[in-house]
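Read the structure below first, then the notes.
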Amino acid sequence: MLNLGPIAFAAPWLLLGLAALPVLYWLLKVTPPNPRTISFPAIRLLADLVHREETPNRTPLWILILRILLAALVILALSRPLLNPAATLPGGGPLLLVVDNGWASARDWPARLAAMDSLIDQADRQGRTVTLLATAPSANGDAPVLVGPMPADAAKRQAQTMAPVPWQTDRAGAVKALGNFRPEGTPYVVWLTDGLAAAGPTGISDPATAELATVLRRQGSLEVRGDGAERPALLIRQPVLEGTVLRVPIERSDAGLPLPVTLRAQGADGRLLGAANVTLAAGEGRVEVPLDLPTELRNELASLRLEGQDSAGAVLLTDERWRRRPVGLVSGRASGEQPLLSDLYYLERALAPYAELRKGNIGELLDRNLSVLILADVGSLADVEVARLAGWIDGGGVLLRFAGPRLAQNADNLIPVPLRAGGRALGGALSWDNPAGLSPFADDSPFHGLTVPADVTVKRQVLAEPGIDLASRTWARLVDGTPLVTAERRGRGALVLVHTSAGPDWSNLALSGLYVDMLRRVVSLSAGVEGGEATGTLAPRAILDGYGHLTDPAGTVFPLAASDLSAPVSPRHPPGYYGPAESPRALNLAPSVPAMTTPDALLAGVPKGLYAGGSETELKPTLLTMALILGLIDLLIALSLRGLLPRLAGRGAAAGLALLLAAGFAVGDARADDTRAIEATAQNWLAYVRTGDGAVDTIAKAGLEGLGRVLADRTAVEVAGAMPVDLDNDDLSFFPLIYWPVTEGQTSLSDAARARLNDYMRQGGMVLIDTRTPVASGEGPGGPGLEALLRGLDIPPLAPVGAEHVLTKAFYLLGDFPGRYAGGELWAEAREDNASNDGVSSVIIGSNDWAAAWAMDERGRPLYPVVPGPERQREIAYRVGVNIVMYALTGNYKADQVHVPAILERLGQ
């Protein structure tokens, strides 16, 4: 390879062909062009008698230069020139690529593929073979294996098949695989690391990483490439629920630089439920993000995701265990009793961290959404209450009753098993029995798996009447076999009775941790979780791939035992959902990942590079493309000189044509303009002004496309999509409505843009200007910044849209015009009787960021939250968009008095 600073030639011997250019020049010079063909019909004989033009006997100089340049481009292209060439790989043996393809590598996998491709190209130019080693276990659980040595083209195909996996690397397995590596010559080793090493209290404590680094050093020259501190690996740790706030820990591998992160809370359908932004300061490797969601939204939470991070570690799946269910508490005792003597005191202390607690009477609690209702020593219920509770249980509610003196004497029929009158005392002054402990829970009990403390005893209980189905309805027993908890499934819900008190009067169960665990499992029944906590074997339902996307499980994924939900993830049990579709359990990656740090301490003295660093660029495709263009130009000129093309004005015209074709972008632009015009007129399109801000333009496009879907669903208007327009160059007349999102620092309009906009508005077009920032009432449309931007436009006097304006009734009846934000005024032309434009305002100005409210993804899910909410605000925003489009298309149609009776009827007047 010939290296000339920033440019190198992979096949420099082909440059010798440049020496043949003088010979080629001489041959082309002495070779006359082909004779010109002139049609010679007899009738034109006299006209051609005076024609004196002769065919030249030599090729013109400018054609010689064109053909010499074409030949030089081909020779240069075949010599494979490289821009910013990489240095020659050291050593004489094969290239060994060790690739970390665990979960942390997915955050920028295309950069890793590009690095592998570049290194394999370098090895190919030096005639060296390539060996690949992926350090993560395969999907079927096989340990890492060496692939190769193989030629460069085979190595490229093998590299393209590699993909990140949602589990950790097996560096110990990689060390074993390297034990079989017997290269011919000294290899050059490149470790494409994911930048992770396990950290302990005293620093690096990952022996497998240390051993791998040592083995790679011994193989030959070692180079390490990584992402550096700019793109560390990010991991969502297990959240902690504190009251109504979900605290989500976020950890990163490299804390060298400040790093802003955005945490998104999403529902099962992908809807955005909430978001939080936080910045990790330099030196800060972990931060807790508080996420405060209303109970209703938190109960819909399906996943937490880090925006812009495509990896399994940047996703945390949630299930029923993370949802707070509304629980009602009713006590049969007086409300003014001492806290430590109150049954509700112990219930509140046990359930407050895991449920939303509500107090009141039975009727008040059932008037609201309720998952569980707990009655503590409530005796006989009224018939109305019994009927209402029975219907609520059939609909999916769980009624949990605790015994006590009132229930023992006045039991009603709303209990799972018949009871004996009175109760049973154990360990009293007149009893021969001692307080009884609890028996271990049966396999079919929802409490199965809970440990029964030896010191939990019951000294009084209500007894169940013996019956055929008593055993099947018993969830917990005392050591003497008498039922302590009985239950009955009714419809979609359950009726549960604890045969002792909710407080410490009859048992010390309320003072133990078992009390909390039993209550949590009963509460989980309200979510439809069969048997409370999952038991048995859970089949895989949906699995996270290496990029953090839920996919269908492959055949290599095995069912998971319910008791192994805290087990480390592996190829057999990747992160995802396991269990029945109505109540799956989440297995997350975070518990399997130890504290993260970088392996820099193990790689002292090893050359390090970044994936994002500059890479070499092969110029061969560019040079061959230029040669092809020159060849086409030469062909057209040759055809023209032979008279096979229409007569041109002369050599000057031919040269002009050559220059025009060389600047083919002009022709391409003209064709693009024609194609755009045909496309814009064939269907209805909404347009938006291209601002130059990529994020704003993306939101505008997504918003108008989302509005188009709403129009198609609700009206007869069919919109093909959203098309960007350049105010300086594009024809605006194709579009009935142009949405203009205003950005900060947007420059004033050019004279051409002002002229185009003025013509567009005078010819009946409408411009919707959105400043995207709420403006207080009384400040005018958009403020002084917008006035400066629009200076020179022929904008009529504007006024806030009132209750009688056609925009309030163009399709929907509207009282205000919210977008992503609410409260801003909408301004339109002050007079609606403008006959020159059918009474339609040529410009509408607002500040509520409508495009962000309309924006949706391919599944129709909103992309941005509305402020202040709730989601009803988004529905009104859709209706605002429908009204604006209908107003632009139909004008003052709805201002006609013929519609007044129908509108008044809709309003109920």
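Heads up: numbering here begins at 1 and tracks the sequence.
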* Asked: Is Arg237 atom CZ crowded by more than 12 heavy atoms from other residues, nucleotides or ligands, each under 6.0 Å away?
  ->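 Buried by this count: over 12 neighbours within 6.0 Å.
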* To do: Verify the neighbour count for atom NZ of Lys176: are there more than 12 heavy atoms of other residues, nucleotides or ligands below 6.0 Å?
  =>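 Open.
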* Structure fact -> Between Gly102 and Thr169 the two heavy atoms that sit nearest each other are N-CG2, 3.6 Å
* **Trp191 side chain to Asp100 side chain, donor-acceptor N/O pair below 3.5 angstrom** => yes
* **Test item: side-chain donor near acceptor, Thr135 and Arg171, under 3.5 Å** => no
Does [X] reach the side chain of [Y], with side-chain heavy atoms less than 4.5 Å apart?
| X | Y | answer |
| --- | --- | --- |
| Leu178 | Leu216 | yes |
| Arg861 | Gln266 | no |
| Leu235 | Trp103 | yes |
| Leu560 | Thr537 | no |
| Ile236 | Asn588 | no |
| Leu263 | Val278 | no |
| Pro183 | Thr131 | no |
| Asp319 | Tyr578 | no |

* To do: Could you walk me through whether Arg271 and Leu273 pass side-chain contact (heavy atoms from CB on, under 4.5 Å), step by step?
  => CA-CA 6 Å; Arg271 288 184 300 114; Leu273 305 179; 3.8 Å; yes
* Stepwise side-chain contact (heavy atoms from CB on, under 4.5 Å) test for Asp310 and Trp109 -> CA-CA 9 Å; Asp310 294 330; Trp109 186 252; over 6 Å; no
Using atom types as modelled, flag every donor-acceptor pair under 3.5 Å from a side chain in residues 149-160 to any protein atom, sequence neighbours excluded.
unit_1: Lys156; atom_1: NZ; unit_2: Asp117; atom_2: OD1; d: 3.4
unit_1: Lys156; atom_1: NZ; unit_2: Asp121; atom_2: OD1; d: 2.6
unit_1: Lys156; atom_1: NZ; unit_2: Asp121; atom_2: OD2; d: 3.4

* For the pair Met116 and Arg225, evaluate side-chain contact (heavy atoms from CB on, under 4.5 Å) and give the outcome as yes or no after the intermediate values. => CA-CA 11 Å; Met116 284 190 278; Arg225 295 193 185 183; over 6 Å; no
* Asked: With no hydrogens and no angle check, is any side-chain donor or acceptor of Thr318 less than 3.5 Å from a backbone partner on Ala302?
  ->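 Yes, because the side chain of Thr318 sits within donor-acceptor range (under 3.5 Å) of the backbone of Ala302.
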